[in-house]
Trainee: 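Below is the structure I would like to discuss, written out as C-alpha cells.
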Protein chains: 2
Amino acid sequence: MASSAPASRSCSCGQHCAHCLEKLCTHGIPIFASLAVDQLEKIAGKTLHRSYEKGETILEEGSHPDYVAILNGGSVKASRFTADGREQILYVFSEGDFFGEQNLLFDRPAVYAVTALEPCRLCFLYKKDFQQLLADNPDIGLRIISELGWRMSHLENSVRNMGVRSLESRIGAVLLELAGKYGAKQDDGTLVRMPLSREGLANYIGIARETVSRKLGMLEDEGMIRSVGARHILIRDMKALEELAG
Amino acid sequence: MASSAPASRSCSCGQHCAHCLEKLCTHGIPIFASLAVDQLEKIAGKTLHRSYEKGETILEEGSHPDYVAILNGGSVKASRFTADGREQILYVFSEGDFFGEQNLLFDRPAVYAVTALEPCRLCFLYKKDFQQLLADNPDIGLRIISELGWRMSHLENSVRNMGVRSLESRIGAVLLELAGKYGAKQDDGTLVRMPLSREGLANYIGIARETVSRKLGMLEDEGMIRSVGARHILIRDMKALEELAG
DNA sequence: GCCCCTCCGTGATTGCAATCACATCCTTAT
DNA sequence: ATAAGGATGTGATTGCAATCACGGAGGGGC
C-alpha cells in the first residue's frame with residue numbers, strides 16, 4: 001500500500017504562488033489550517049501519495065495501519081460488515097477528510113474498511129512524522145478533536161434517525177447530507193452528484209435496496225426531487241425535503 | 001445550574017494520603033491520568049460540584065454550556081428527541097466520563113440532553129480553566145481524542161447494529177455492554193445492575209418497550225439470563241450471549 | 001454493432017415488530 | 001397499611017418493509 005514513489009511537493013517556483021499551493025497536498029486540509037506555508041511544504045515532503053480506482057480497498061477491517069490517510073480528491077466509503085455479510089456504511093469521506101488516526105495514535109485495529117467510491121487520490125503520513133507534527137503543533141490536536149466532534153454529531157444523527165421509524169425522514173436526511181457535500185445550486189433546484197449507488201444508499205441508511213427505489217420514486221411523484229440519469233438527483237423543493245428530514 | 005458552593009478539595013492532611021485522594025474529584029478520571037497529584041488538587045480547587053436526583057436534567061438539548069462536566073458518581077443518560085417526542089438514548093455515562101467539551105471548545109450547541117438515571121455527583125470545570133489546562137498539558141488533548149475514539153466506536157457499533165435486522169443481537173449487545181460497566185461476577189454468572197428501565201433499554205436500542213420485554217423473556221426461557229428483581233439481570237451463559245451479540 | 005454484466009425498478013408475498021389494549025406488579029408517599 | 005401511579009408482562013391485531021422474483025435499462029469492452 002502507498003508504495004508508489006512520492007512526488008516532491010515543494011514549491012519549485014521559489015515563491016508561494018497560488019498555482020503551487022493548489023498542488024500542495026496538505027493545502028486546504030482543515031486539520032492543517034493553522035500551519036504556515038513552509039510548514040505545509042515540509043509535511044507534504046514527508047507524505048506518500050497514491051491513487052486508487054473505483055472499488056479498490058484502501059484499508060481493511062481489522063488491520064493495523066501505521067499511517068494517517070488524508071483524502072486529497074475523490075470520495076471513499078467507510079463500512080463495517082456483519083457476520084452474515086451485510087454491509088453498513090458509516091461514513092462517506094471526501095476531499096480534506098482523514099482516517100486512521102485512532103489506529104495510529106492508540107494502536108487500535110481499524111473497525112471499518114475503507115473503499116474507493118470513485119477514482120481518488122490519498123496522501124499518507126506515517127506514524128513518526130504525524131506524532132512529531134502533533135507534538136510541535138498542539139493546535140492540530142484541537143482541530144482533530146473538532147473534526148471528531150463533527151463526525152460524532154453525524155453518527156449521533158444516524159443513531160437517532162435509525163431509532164425513528166419513518167424511512168422517509170431517513171432518506172430525506174441522507175439526501176440533504178449529500179446535497180451539502182456534492183450539490184450545486186441551479187435555477188431549478190440543487191443538482192446532487194451521488195457518490196453512492198442505490199445499493200450504497202441502502203447500506204448507508206440501513207434499509208433494503210428495493211425500499212430505497214420505492215421511496216425515491218414516491219418523492220419524485222410528489223415533485224420533491226427528480227432523478228437525472230443514474231448518478232444525479234435534482235432536489236426541486238429543498239424546503240419540503242428539510243421538513244421531511246426533520 | 002451548579003450553583004451550590006464548591007467544597008474545597010485540597011488535601012487537608014498535608015500529605016497525599018489514599019484517603020484524601022479518594023475524595024479528590026479529579027482523581028481516577030481517565031483524561032487527567034497523566035497529571036501529578038498537586039496538579040489534580042489545583043484543578044479540583046477550581047471545580048464546582050453539584051449532586052442531582054434521579055430524573056433531574058443536567059444539560060438541555062440546544063443549550064450552550066460553558067463548562068466541561070465530569071461525572072464523579074452515579075450514571076446519566078444522553079439522549080436526543082425526535083419531532084414527535086420519541087427519545088433516542090445515545091450514551092449511558094458513568095463515573096469518569098465527561099461531556100460538554102464540544103460545546104465549550106468550539107461553541108457548538110449541545111445536541112443531546114443529559115439526565116440523571118440515579119442520584120449522582122458531578123464536577124464542573126469552566127471554560128477558562130479548562131482551556132488553560134489543555135494549553136498547559138497537551139497530553140490531555142490526546143487523552144480526549146482517545147476517549148472520543150472509544151465513544152465513536154460505540155456509536156459505530158450502534159449504527160452497525162441498528163442496520164442489522166436481528167433484534168436479538170442488539171439486545172445481546174446492550175446486555176454485554178452494561179455487563180461490562182455494571183456487572184459483578186458471581187458463582188452462577190454475572191449480576192448486572194441495570195441503570196435503565198425497560199423503557200430506557202427500549203429507547204437505547206431503538207425498539208418498542210413491549211418488544212424488549214418479549215425478547216428478554218425469550219432469552220430467559222432459553223436459560224441465557226435471569227431477571228433478578230426489576231433492576232438486576234443475571235447473565236447465566238455469557239458465552240451464548242456473546243455469540244448472540246456477534 | 002453486439003453481448004455481457006451490473007444496476008435498477010416493480011409486483012407479490014411474507015414475516016416481524018409496532019401498536020393497541022389491558023391486567024398485574026412494584027414503588028412510593030401519606 | 002393502603003391507596004395511587006408508574007412500570008412491566010402479555011395477547012391480539014395491524015402495518016410496513018424485507019424478501020423473493022423477474023424484466024428492463026444502461027454501460028463498457030471487444
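Just so you know, these numbers come straight off a predicted model, no measurement behind them. Letters go in sequence order (proteins before strands), and every chain restarts at 1.
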Trainee: Rounded to whole angstrom units, what separation is found between the CD atom of B:Glu53 and the P atom of C:dA29?
Mentor: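 After rounding, the reported distance stands at 11 Å.
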Trainee: When you measure from the side-chain N and O atoms of A:Arg86 to the phosphate of D:dT19, is any distance below 4.0 Å, counting only OP1 and OP2?
Mentor: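 Answer yes for this pair, as a side-chain N or O of A:Arg86 is under 4.0 Å from OP1 or OP2.
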Trainee: How far does CG of B:Leu219 sit from CD of B:Glu168, to the nearest 0.5 angstrom?
Mentor: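 Here the rounded value is 7.0 Å.
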Trainee: Return the value, rounded to whole Å, for the distance between atom CG of A:Leu167 and atom P of D:dA18.
Mentor: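 Atom-to-atom, A:Leu167 to D:dA18, this comes out as 6 Å.
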Trainee: Could you check whether A:Asn157 and B:Arg80, counting side-chain N and O atoms only, form a donor-acceptor pair closer than 3.5 Å?
Mentor: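 A:Asn157 and B:Arg80 do have a side-chain donor-acceptor pair below 3.5 Å.
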Trainee: Quick one: on DNA chain C, does B:Lys54 or B:Arg209 contact a more 5' nucleotide (nearest heavy atom)?
Mentor: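 Its nearest nucleotide lies further toward 5', so the answer is B:Arg209.
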Trainee: Assess whether a salt bridge exists between B:Arg151 and B:Glu147, defined as any Lys/Arg side-chain N lying under 4.0 Å from an Asp/Glu carboxylate O.
Mentor: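 The answer is yes: the pair qualifies as a salt bridge.
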Trainee: Look at the side chain of A:Glu210 against the base of D:dC20 and say whether a donor-acceptor pair falls under 3.5 Å; ignore hydrogens and angles.
Mentor: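 When only heavy-atom distances are counted, A:Glu210 does reach the base of D:dC20 through a donor-acceptor pair under 3.5 Å.
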Trainee: Write down the distance between CD1 (B:Ile207) and C1' (C:dA17), rounded to a whole number of angstrom.
Mentor: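 Interatomic distance, CD1 of B:Ile207 to C1' of C:dA17: 9 Å.
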Trainee: Using 4.0 Å as the upper bound for N to carboxylate O, is an ion pair formed by B:Glu118 and B:Arg231?
Mentor: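 Result for this pair is no, no salt bridge flagged.
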Trainee: Would you mind reading off the distance between A:Asp84 atom CG and D:dA18 atom P, rounded to a whole angstrom?
Mentor: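 The distance from CG of A:Asp84 to P of D:dA18 comes to 14 Å, rounded to the nearest Å.
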Trainee: For A:Glu199 and C:dC5, give me the distance from atom CD to atom C1', rounded to whole Å.
Mentor: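 Computing the A:Glu199:CD to C:dC5:C1' distance gives 14 Å.
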Trainee: Please confirm whether any donor atom in the side chain of A:Arg231 sits under 3.5 Å from an acceptor in the base of D:dG26, or the reverse.
Mentor: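 Not at all, since no donor on one side and acceptor on the other fall under 3.5 Å apart.
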Trainee: Between A:Arg108 and A:Gln102, is any side-chain donor less than 3.5 angstrom from a side-chain acceptor?
Mentor: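 Yes, A:Gln102 and A:Arg108 have a side-chain donor paired with an acceptor closer than 3.5 Å.
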Trainee: Under a 4.0 Å N-O cut-off, is there an ion pair linking A:Arg160 with B:Glu87?
Mentor: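 No salt bridge links A:Arg160 with B:Glu87.
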Trainee: For a quick check under 3.5 Å, do A:Tyr204 and A:Glu177 share a side-chain donor-acceptor pair by atom type?
Mentor: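 Yes, because at least one side-chain N or O of A:Tyr204 sits under 3.5 Å from a partner of the opposite role on A:Glu177.
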Trainee: Looking at residues 211-223 of chain A, who's got a heavy atom less than 4.0 Å off DNA chain D?
Mentor: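 Nucleic-acid contacts, sorted: A:Thr211, A:Arg214, A:Lys215.
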Trainee: What is the separation between atom NE2 on A:His232 and atom P on D:dG27, rounded to the nearest whole Å?
Mentor: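 So the NE2-P distance, A:His232 to D:dG27, works out to 11 Å.
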Trainee: Using a cut-off of 6.0 Å, state whether more than 12 heavy atoms not belonging to B:Glu243 lie near its atom CD.
Mentor: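 Check fails, neighbour count at 12 or below.
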Trainee: Specify the angle, to 10°, made by the local axes at the two ends of the helix from C:dG1-D:dC30 to C:dT30-D:dA1 when five pairs are taken at each end.
Mentor: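 Here the local axes at opposite ends form an angle of 50°.
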Trainee: Please output the side-chain donor-acceptor pairs of residues 90-101 of chain A that fall under 3.5 Å, not counting sequence neighbours, one pair per line with the distance.
Mentor:
unit_1	atom_1	unit_2	atom_2	d
A:Tyr91	OH	B:Glu156	OE2	2.7
A:Ser94	OG	A:Tyr182	OH	3.4
A:Asp97	OD2	A:Ser94	N	2.9

Trainee: Given C:dC8, D:dA17, C:dT19, identify the nucleotide with an atom nearest to the side chain of A:Arg198.
Mentor: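 Comparing C:dC8, D:dA17, C:dT19 against the side chain of A:Arg198, the answer is C:dC8.
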Trainee: Atom CE of A:Met194 and atom C1' of C:dC7: how far apart are they, to the nearest Å?
Mentor: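 That distance rounds to 14 Å.
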